[in-house]
Amino acid sequence: MKYQEYVIRPPSEARSFILQVTLGCSHNQCAFCGTYRDIPFQVKSLKEIHKDILMAKNYYGDLRRVFLADGNALILPTERLLKIIDYLKEVFPSLQRVGIYSRASDILLKTSEELKALKSAGMNIFYVGLESGSDKVLSIMEKGYTHAQAVKGCLKAQESGIKLSTIILLGIGGKDLAFEHALESAQMLNTINPRYLSVLTLTILKNTPLYIKQKMGIFQLPKPKELLEEMKIFLENLNLSGCIFRTNHASNYLSLEGILNKDQERILQELKQALKVGFLRPEFLRSL
Ligand code: SF4
């Protein structure tokens with residue numbers, strides 16, 4: 001497979017064939033994100049995509065799961081995405097699930113009919129990095145949309161039958177906005193009630209504007225215990241139904257999982273216990 005750097009995918013797509021249909025991210029401005037900073041956004045030609053699909057067929061045989069990369073592949077016109085899915089189904093008759101990274105604002109660019117067409121073609125899940133529910137944080141981090149717009153986009157996808165896997169980034173409010181970030185992120189998630197919710201911890205990368213802000217003292221990353229206090233406020237204010245919650249990403253200091261609200265009390269107890277005894281993942285075992 002001819003991949004072009006950097007290829008990232010959600011942990012739950014580890015067994016999927018990763019198909020790059022775009023390169024980079026069309027937004028590429030989030031202050032904390034260094035993934036595609038030097039990669040100009042590009043749309044791959046259908047010819048190249050078909051070639052990659054056939055190579056995967058030769059290598060793996062029939063496949064059931066495909067993930068469309070890179071950073072926000074949903075920005076592609078719906079017609080093009082449908083053509084790609086049609087070809088995937090032709091080559092992989094057992095195909096059951098197609099996932100994709102999407103910005104919440106990309107969803108708003110699609111009509112409900114387009115989203116339903118994607119869903120009935122086999123696109124079952126959007127991975128959306130919401131990062132924060134605080135408008136101040138979203139603005140400082142140049143996320144490119146507001147709390148209200150993110151909620152609108154997410155609800156629109158879910159109303160079309162597409163499952164959402166959402167991500168909140170611990171520490172992204174810095175020390176100054178930690179409380180606001182935790183509280184307003186919980187409020188945002190309560191309105192969306194996604195199928196999946198993952199919490200990751202911010203890692204400040206050297207090739208990002210946030211690194212410069214940190215060096216200048218404008219942004220201060222909370223300490224590990226403060227990050228867990230932030231997660232406690234977030235969890236205490238969540239009110240979800242049937243949401244699969246995970247903090248098992250390698251960036252986190254503590255791994256928790258369960259179904260919210262069913263397991264909320266147990267998860268909070270585990271978190272409080274970790275705070276009490278200071279049992280956190282050591283730095284050398286953490287990664288992006
Ligand atoms: S939208 Fe996602 S991939 Fe694009 S710059 Fe922001 S965090 Fe990075």
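In listed order, ligands and their atoms are each counted from 1. Computed from a predicted structure; not experimentally measured.
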A student comparing Cys33, Gly71, Gly34 should find that the heavy atom closest to atom 7 (S) of ligand 1 comes from Cys33
If we number the atoms of ligand 1 from 1 as shown, the ones under 4.0 Å from a heavy atom of Gln29 are 5 (S)
Minimal non-hydrogen separation, Leu240 against Leu189, with atom names: CD2-O, 3.3 Å
Short N/O/S contact of Cys25 with atom 8 (Fe) of ligand 1 (below 2.8 Å): no
Have a look at Gln220 and tell me which of Glu226, Lys175, Lys213 forms a side-chain contact (heavy atoms from CB on, under 4.5 Å) with it. Lys175
For Ile125 and Ser165, which heavy atoms make the closest approach, and how far apart are they? CD1-CB, 4.0 Å
Under 3.5 Å: donor-acceptor pair, side chain of Glu180, backbone of Leu177: no
Just let me know how Arg103 lines up against ligand 1, side chain, backbone, both or neither, with a heavy-atom cut-off below 4.0 Å. side chain
In this structure, would Leu275 and Leu227 fall into the same cluster of hydrophobic residues linked by side-chain contacts under 4.5 Å? yes
Any donor-acceptor N or O pair under 3.5 Å, side chains Asn72, Ser102: no
Answer with yes or no whether Asn72 contacts ligand 1, where contact means a heavy atom under 4.0 Å from a ligand atom. no
Please write down residue, atom name and distance for the protein heavy atom closest to atom 5 (S) of ligand 1. Asn28 CA, 3.5 Å
Could you check atom 6 (Fe) of ligand 1 against the protein and tell me its nearest heavy-atom contact, residue, atom and distance included? Cys30 SG, 2.4 Å
Tell me the contacting part of Tyr101 for ligand 1: side chain, backbone, both, or neither, using a 4.0 Å heavy-atom threshold, strictly below. neither
Is it the case that atom NZ in Lys136 sees more than 12 heavy atoms from other parts of the structure closer than 6.0 Å? no
Do Phe67 and Tyr127 make the cut of ring centroids closer than 6.0 angstrom? yes
Should you measure from each heavy atom of Tyr36, which atoms of ligand 1 turn up under 4.0 Å away? 3 (S)
Only heavy atoms of Lys143, strictly under 4.0 Å: list the atoms of ligand 1 that pass. 1 (S), 6 (Fe), 7 (S)
Within less than 2.8 Å of atom 6 (Fe) of ligand 1, any N, O or S from His27? no
